[in-house]
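For reference, the structure discussed in these notes is given below.
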Amino acid sequence: MKKHYNNVVIGFGKAGKTLATWLAARGEEVAVIEKSKQMYGGSCINIACIPTKSLIVNAEKGTSYTDAHDIKDQLTGALREKNYKKVADAEKATVVDGSASFISPNTLRVVGHDGEQTIVADRIFINTGTKPMVPEIEGADGSKIYTSTTLMELEEKPQRLVIVGGGFIGLEFADMYLKFGTDVYLLDSHERLLPNEDADIREAIESVLEEKGLHFLPGAKVERFREGQEGVAVDYKMGKQRDTIKADAVLLATGRTTETEPLDLKAAGIETDKKGYIVVDDQLRTSAEHVWAIGDINGGPQFTYISLDDFRIIKNQIIKGKYNSVKKRQPFATTVFITPPYARIGMNETEAKEQGLDFSVYMLSADHIPKAAILREERGILKAIVDNESGKILGCMLYCAEAHEMINTIQLAMNANLRYEILRDQIYTHPSMTESFNELFSSEALNR
Ligand SMILES: Cc1cc2nc3c(=O)[nH]c(=O)nc-3n(C[C@H](O)[C@H](O)[C@H](O)COP(=O)(O)OP(=O)(O)OC[C@H]3O[C@@H](n4cnc5c(N)ncnc54)[C@H](O)[C@@H]3O)c2cc1C
Ligand SMILES: NC(=O)c1ccc[n+]([C@@H]2O[C@H](COP(=O)([O-])OP(=O)(O)OC[C@H]3O[C@@H](n4cnc5c(N)ncnc54)[C@H](O)[C@@H]3O)[C@@H](O)[C@H]2O)c1
């Protein structure tokens, strides 16, 4: 028997679950198909943002490795239930357990523990996320080689951890495990940590991490993993030198990739790009009519708040609102949750120079900020790039305590097209990290 819904969301991601509850509240029938009961609510709450930040915070508080993992499991368990109920309890919404694949552009096969069913929908939203990319390195399938998902399930703290990849995940896990007291080695094929950052920012972050005990091996090419009873040996090459690190565990943090084969997209005529991401237009429409791809799977920036913003774009198409295209998306910030956190929005000094812009650089050392002294976190620097003619902020890099909160104020000013003097002259609460904008934007303009 075929079941019909007005809307089907494949995958319980941020965009999809928000869309489903919104559609249901409007009185439209909607089904959310999720292949794993452990993933109700999607990656963010189960295996990504929330559990990692919980572990980071608890590691910082000095909570033991085991207790921190218990706290993380309780938190994700509660959120999973809450997320499930939010959809399942909505009158017009249904959660369908099973893995979905296309039979035609508007027909899906769903295979679950209870058997197979066919679902027909007027609109389909694919929100299936990504999975860890496992590089083709000999021994990468070994039992001591982990991804961000599986490492968070490891019950015993590794004494020595090798991390391959120094991007968002590599850096956050490196900092987290250093806090737990693990000896951490970070290997990246790039010659530099954070290659897209200005040298002063990069060096500041690198030196704090090295002070904490991180062994950073830039330009290291991992050649093989060899597992034995004692642990795992990581053979790598740096320049012409070959060497080996022995560790208890290895984390692969070399990026994310797609898993679209099970969806059988060809059956619906849905195109993918060379990397497997679903090709969408600026309205997130796929090559099949009435099928959209939202969240990480459409090849856009991989952040929960971007997945949420994909929901806004779909919602506006449905209500015929203005914010209906990714072309209308304004600049947004990112944060690497290390300690202190590193938050950034817009262009940095290197990029402004490359573009030949007439700009000034404003800089402040975090140890000038009274709140930083109170927090006993005086490491870091703040840096803003301002257009000399318009006074608009072109970009901002905050490497200091509370940077992940402060950057949202900068983002608001940038997106509201405010001149930098507005931030310079605001009355801020005291003592706060944000009040440092009085000083940052008054710092002598450096025309470089
Ligand atoms: C370790 C880690 C930390 C991160 N930290 C942050 C952070 O701090 N801040 C931030 O903004 N972003 C962070 N991210 C990125 C963020 O998690 C993702 O961008 C976000 O979760 C994207 O979600 P989504 O909407 O694309 O779908 P997801 O939340 O990934 O959901 C996809 C769902 O689809 C299901 N599914 C897949 N295929 C099928 C199928 N065929 N049938 C049925 N169901 C299917 C999956 O089981 C899954 O539940 C982090 C990522 C990782 C890996
Ligand atoms: N705080 C956050 O917002 C947050 C946190 C975690 C993840 N994320 C999202 O998840 C995405 C994935 O994170 P990620 O850290 O896996 O990817 P990434 O793209 O940020 O970093 C991957 C790193 O691995 C390195 N690398 C790739 N192949 C390698 C190899 N064979 N040997 C050595 N190094 C190698 C790359 O040079 C790069 O530095 C991020 O891009 C981000 O969008 C966000």
Side-chain angles (χ1 to χ4, degrees), residues 8-19 32-53 55-56 83 96-102 108-112 125-137 140 147-149 151-152 163-173 186-196 217-223 236 251-264 293-298 300-308 310-311 332-338 341-343 404:
V8 164
V9 175
I10 312 176
F12 216 132
K14 182 70 181 177
K17 66 188 178 189
T18 317
L19 181 63
V32 176
I33 307 172
E34 172 53 56
K35 67 178 179 182
S36 163
K37 288 180 196 280
Q38 290 308 307
M39 288 295 283
Y40 292 147
S43 300
C44 177
I45 64 153
N46 290 297
I47 55 160
C49 333
I50 302 290
T52 52
K53 275 71 212 178
L55 288 172
I56 288 166
N83 272 258
V96 177
D97 292 311
S99 183
S101 59
F102 282 88
L108 297 165
R109 177 184 298 116
V110 181
V111 181
F125 303 94
I126 308 172
N127 186 205
T128 49
T130 50
K131 64 174 183 179
M133 208 268 288
V134 176
E136 282 181 24
I137 298 172
T147 64
S148 56
T149 309
L151 190 64
M152 282 193 279
I163 299 179
V164 185
F168 277 85
I169 294 179
L171 286 173
E172 289 183 358
F173 273 81
L186 183 72
L187 279 62
D188 198 291
S189 45
H190 247 280
E191 293 297 329
R192 287 177 181 153
L193 191 70
L194 299 166
N196 299 324
L217 287 91
K221 188 176 180 313
V222 178
E223 297 191 313
Y236 67 95
L251 166 65
L252 297 175
T254 50
R256 311 271 303 168
T257 188
T258 58
E259 192 173 28
T260 50
E261 300 78 20
L263 286 167
D264 203 359
I294 50 184
D296 288 2
I297 193 62
N298 66 25
Q302 298 185 350
F303 300 97
T304 295
Y305 43 90
I306 296 302
S307 182
L308 178 64
D310 284 357
F311 152 70
F332 59 89
T334 59
T335 300
V336 187
F337 287 88
I338 46 179
Y342 174 54
H404 56 296

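What you see below is based on every heavy atom in this structure, not just the backbone, and it leaves out hydrogens, waters and symmetry mates. Both ligands and their constituent atoms are indexed starting at 1 by order of listing. Please read these numbers as outputs of a predicted model, since none were measured by experiment.
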Backbone, side chain, both or neither: what part of [X] comes under 4.0 angstrom of ligand 1, heavy atoms only?
X    : result
T149 : neither
N127 : both
C49  : both
T335 : neither

With [atom] as the reference point, say which of [options] has the nearest heavy atom.
atom                    : options               : result
atom 28 (P) of ligand 1 : S148, P132, A15, S43  : S43
atom 22 (C) of ligand 1 : D296, L263, I306, I45 : D296
atom 25 (O) of ligand 1 : G112, G295, S307      : S307
atom 11 (C) of ligand 2 : Q302, E136, R192      : Q302
atom 48 (C) of ligand 1 : Q38, E34, K14, K37    : E34

Side-chain contact test, heavy atoms from C-beta onward, threshold under 4.5 Å: evaluate it for T260 versus I126 and give yes or no.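 They are not in side-chain contact.
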
Would you call M152 and P51 a side-chain contact if the rule is heavy atoms closer than 4.5 Å? yes

Counting only heavy atoms closer than 4.0 Å, does ligand 2 sit against the backbone of E172, its side chain, both, or neither?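 The answer is the side chain.
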
Answer side chain, backbone, both or neither: which part of S189 comes under 4.0 Å from ligand 2, heavy atoms only.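 Near ligand 2, S189 shows its backbone as well as its side chain.
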
Output yes when the distance from some N or O of ligand 1 to some N or O of A100 is under 3.5 Å, and no in every other case.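 A100 vs ligand 1: N/O contact under 3.5 Å present.
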
[X] to ligand 1, any heavy atom closer than 4.0 Å:
X    : value
K53  : yes
R256 : yes
G98  : yes
S99  : yes

Going by distance only, is there an N or O of G255 that falls short of 3.5 Å from an N or O of ligand 2? yes

Look only at interatomic distance and state if I169 has a nitrogen or oxygen under 3.5 Å from any nitrogen or oxygen of ligand 2.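 Min N/O separation from ligand 2 is below 3.5 Å for I169.
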
For T334 and ligand 2, answer yes if some heavy atom of the residue is under 4.0 Å from a ligand atom, otherwise no. no

Tell me whether ligand 2 is touched by T335 - counting only heavy atoms on the residue side and a distance under 4.0 Å.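 Contact check T335 vs ligand 2: positive.
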
Any idea which atoms of ligand 2 are less than 4.0 Å away from a heavy-atom of F337? 1 (N)

Output yes when a side-chain donor or acceptor of K14 lies under 3.5 Å from a complementary backbone atom of L308, and no otherwise.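 Such a contact is absent between K14 side chain and L308 backbone.
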
Who pairs with P135 by side chain to side chain contact (heavy atoms under 4.5 Å, CB included), at least two apart in sequence or on another chain? I137, L252, T254

